[in-house]
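Side chains are part of it too, since the values below use all heavy atoms of this structure and drop only hydrogens, waters and symmetry mates.
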Amino acid sequence: MRFILIPWLLFVTALSLAPLEVKYRFRTIGSMHNFGHLVIFLVTAILMCWNAGSVSTKLLRCCGAISIAILLEGLEKLVYHNAYEWTDVAVDAAGVLAGFLLVTLVSWSVPAAPRS
């Protein structure tokens with residue numbers, strides 16, 4: 001999953017900082033705005049936590065994902081001089097939580113590979 005993470009984060013950053021015309025084209029503004037944030041950070045958490053091992057490592061990586069959300073909102077504020085959207089960060093954090101839960105549940109349900 002790591003080889004996908006960097007291009008994914010670059011895509012998320014580019015989409016966050018894209019002009020409004022691009023955001024309209026990707027339907028990131030309007031009725032799907034919050035859903036888009038949720039899905040993007042759900043995927044981010046899955047990519048960051050998939051091979052993390054322990055729950056504590058997954059939680060640490062999720063803190064990193066939430067930090068990315070906070071940073072991206074700050075960059076949007078600096079670039080576009082708009083208000084800081086704490087609601088977006090809250091939805092992003094909900095997506096990270098959902099991704100953490102999903103990865104954790106999957107890791108508990110799949111038996112560990114035998115060690116040689």
Enumerate, atom names and distances included, each donor-acceptor pair closer than 3.5 Å involving a side-chain atom of residues 75-87, sequence neighbours excluded.
from  : atom 1 : to    : atom 2 : distance (Å)
Tyr80 : OH     : Leu17 : O      : 2.6
Tyr80 : OH     : Ala18 : O      : 2.8
Tyr84 : OH     : Ile70 : O      : 2.9

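The two residues Cys49 and Val103 come nearest to each other via the heavy atoms O-CG1, 3.6 Å. Met48 approaches Ala65 most closely through the heavy-atom pair SD-CB, 3.7 Å.
Rounding to the nearest 0.5 Å places CG of Leu72 at 11.0 Å from OG of Ser67. Ile68 CD1 to Glu73 CD: the interatomic distance, rounded to the nearest 0.5 Å, is 13.0 Å. Atom CD1 of residue Ile66 and atom CZ of residue Phe100 lie 10.5 Å apart, to the nearest 0.5 angstrom.
For residues 3-20, every residue pair satisfying the side-chain hydrogen bond (donor to acceptor under 3.5 Å, both in side chains) rule, not counting sequence neighbours, is listed here: Trp8-Thr44. Legend: side-chain hydrogen bond (donor to acceptor under 3.5 Å, both in side chains) pairs involving residues 88-98, not counting sequence neighbours, sorted by first then second residue: His33-Asp88, His37-Asp88, His37-Asp92.
Between Asn34 and Leu38, every side-chain heavy-atom pair lies at or beyond the 4.5 Å cut-off.
Transitive grouping of hydrophobic side chains (ILVMFWY, heavy atoms separated by less than 4.5 Å) keeps Val96 and Leu60 in distinct clusters. Linking ILVMFWY side-chain heavy atoms closer than 4.5 Å, directly or via other members, places Met32 and Val91 in two distinct hydrophobic clusters.
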Residue pair Val43, Val12: steps toward the side chain to side chain contact (heavy atoms under 4.5 Å, CB included) verdict:
CA-CA 11 Å; Val43 171; Val12 171; over 6 Å; no
Worked check of side chain to side chain contact (heavy atoms under 4.5 Å, CB included) between Trp50 and Leu5:
CA-CA 11 Å; Trp50 191 257; Leu5 181 60; over 6 Å; no
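A search for side chain to side chain contact (heavy atoms under 4.5 Å, CB included) contacts involving Thr57 returns Ala52, Ser54, Arg61, not counting sequence neighbours. Listed by chain and number, the residues in a side chain to side chain contact (heavy atoms under 4.5 Å, CB included) with Leu42 are Ile46, Ala98 (sequence neighbours excluded).
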